[in-house]
Amino acid sequence: MGCLDEGHLNGDLENGVSIGCGEVGFEEEAETDIAAIEDAVRVLLLGLGEDINREGLRKTPLRVAKALREGTRGYRQKVKDIVEGALFPEAGLENNKIGHAGGTGGLVIVRDLDLYSYCESCLLPFQIKCHVGYVPSGQRVVGLSKLSRVADVFAKRLQEPQRLADEVCSALHQGIKPAGVAILLQCTHIHFPDIESIFFESNQQAWVKTLVLSGSGIFEIKSAGVWSDFFCLLKFRGIEIEKIHLIGSSDQCWCPSLSALSAKVSSKIIPVNPAMVTAVSSILNSLGEDSSRKELAGTPSRFVKWLLNFQSIDMDVKLNGSLCGGIDTLNLNREVNFNDKQIHCELNLPFWSQCEHHILPFHGVVHIGYFLSEGFNPIGKSLVQSIVHFYGLKLQVQERLTRQIAETIAPLLLGGHVIVVVEASHTCMISRGIEKFGSSTATIAVLGHFSTDLAARAAFLQRVASATTSGGQ
């Protein structure tokens, strides 16, 4: 169970946070912070060897600044303003009936609240499925939407899962004065790919997941019967209670950037650019954080190491050598027989990339199909996977990634008849503006015969659909 600090959130509940950007009189401060973040982002882009004036990147610093400000708006919000005025009288059981219900002891649960937060260890966004329960007391209940809004206030800060659960639990307990509050968070963090082996393996882990709990009042004792009710009402949400991870003060490795493997991998790339590290520290301070805070001490370096995954370094040489080897494996003296319609497929090839518009990760799978007649050798899967990773590990947009993969594979095939489909989840879709959880984006590129043969395209897309439905993705 998460431990609660009864007093540390009083400032939030009574007076809100001292930073008040977004209110009248604070517009100038907000503009100053945004300008400072823009300058820092330009330093990061230059550190990656990018041309900050090229189309696609020109407005990236402003887009990033606005997204970060929006994604950390919780520092500038007041919990008290949300809870006050949202408490409503509700009677309990009438005529001295035995039991608990209504405003005197009936358990209330709001499930499946989709939230996101920024990981304080690496600055990457992580997704949260939040479940909130409370037991009313004093014959009053709170407006259900307020439970979500209070949770969102604390999610919109740099966080780690257990502290987030504890802060939401404590704020609700102090604001509502219930008999008890229960919080369960299902948190999902993008994994840090192993760059050293990524060109040779396709089984890289995509997500790191954890479950955390926090409880107050009658929920402080995990064995209490009310927890049984809470868990039973969540069981059909696919939650395995026995897998709940109770993070303690000595266990802070939920973030992949803190794992031994990630530290080993990151150290093999290149030394961290001090100017980039200073720029990230500046961003933290502009968001209202203290970059010298113990939990944030290594965050700038870890974020820069993540970004450097998407800088083209020795991967050019590695890819070019592979391409030469791939061409030699083909029988170029034969002709493609379109009549047999034999389409060779490489499906569910994983990739990671970084959106050049918001400097946020996106990842997914690539499906590739091409005609292969009798006597032809297919392109080696390791080569195809290397091509995917080569173009993924850059500042990218999905449409360009799809086209580049198709145009690189086409010369390896007689006639260049190839079809490529990329399916991806974009963190920019959840961590800014629209906040559209569960959405995914599909893009397609068709070259050669696939551009005119509708039946061939349909046959390939059906195989993609079948692979996805069967769990291949």
Contact summary for S121 and R302, nearest pair of heavy atoms: O-NE, 2.6 Å

Any donor-acceptor N or O pair under 3.5 Å, side chains T443, Q398: yes

Euclidean distance, C428 SG relative to H358 NE2, rounded to 0.5 Å: 5.5 Å

Side-chain heavy-atom pair E31, I34 within 4.5 angstrom cut-off: no

Heavy-atom side-chain proximity of T427 to I190 below 4.5 angstrom: no

Side-chain touch L287/Y118, heavy atoms, less than 4.5 angstrom: no

Centroid-centroid distance, W306 to F303, less than 6.0 Å: no

Nearest non-hydrogen partners of Q159 and L164, listed with the distance: OE1-N, 3.5 Å

Main-chain N/O of G56 paired with K59 side-chain donor or acceptor, under 3.5 Å: no

Ion pair R403/E399, N-O distance below 4.0 Å: no

Among Q396, R54, R63, side chain to side chain donor-acceptor pair (under 3.5 Å) partner for E356: R54

Residues R163 and E295 bridged, charged N to O under 4.0 Å: no

Aromatic plane relationship, W227 with F219 - under 30° parallel, 30 to 60° tilted, over 60° perpendicular: perpendicular

Pairwise side-chain contact, F390 with Q404, heavy-atom cut-off 4.5 Å (strictly under): no

Contact check, side chains of N309 and Q354, non-hydrogen atoms, under 4.5 Å: no

side-chain contact (heavy atoms from CB on, under 4.5 Å) evaluation trace for I52 with R58: CA-CA 6 Å; I52 60 175; R58 242 177 279 166; over 6 Å; no

V272 side chain reached by K305 side chain, heavy atoms, under 4.5 Å: yes

Donor-acceptor pair, side chain of R463 and main chain of F460, under 3.5 angstrom: no

Cation over ring face, K156 and Y116, 6.0 Å, 45°: yes

From CG (L184) to SG (C169), nearest 0.5 Å: 11.5 Å

Stepwise side-chain contact (heavy atoms from CB on, under 4.5 Å) check, L307 with V280: CA-CA 11 Å; L307 284 183; V280 178; 5.8 Å; no

Aromatic plane relationship, F351 with F362 - under 30° parallel, 30 to 60° tilted, over 60° perpendicular: perpendicular

Cationic N near anionic O, under 4.0 Å, D152 to R149: no

Nearest heavy-atom neighbours spanning S286 and R69: O-NH1, 4.4 Å

For the student: nearest non-hydrogen atoms of L44 and A279, plus distance: CD2-CB, 4.2 Å

Heavy-atom pair with the smallest gap, counting every atom of P178 and V135: CB-O, 3.2 Å

P61 side chain near R42 side chain, heavy-atom distance below 4.5 Å: yes

Close side-chain approach of I128 and S117, heavy atoms under 4.5 Å: yes

Minimum heavy-atom distance between P136 and R140, given as atom pair plus value: CB-O, 3.5 Å

S301 side chain vs V277 backbone, donor-acceptor pair below 3.5 Å: no

Test side-chain contact (heavy atoms from CB on, under 4.5 Å) applied to I387 and Y391, step by step: CA-CA 6 Å; I387 292 171; Y391 288 111; 4.0 Å; yes

Any donor-acceptor N/O pair, Q139 side chain to P89 backbone, under 3.5 Å: no

Backbone of L213 reached by a side-chain donor or acceptor of Q162 within 3.5 Å: yes

Worked check of side-chain contact (heavy atoms from CB on, under 4.5 Å) between V110 and H131: CA-CA 6 Å; V110 176; H131 310 282; over 6 Å; no

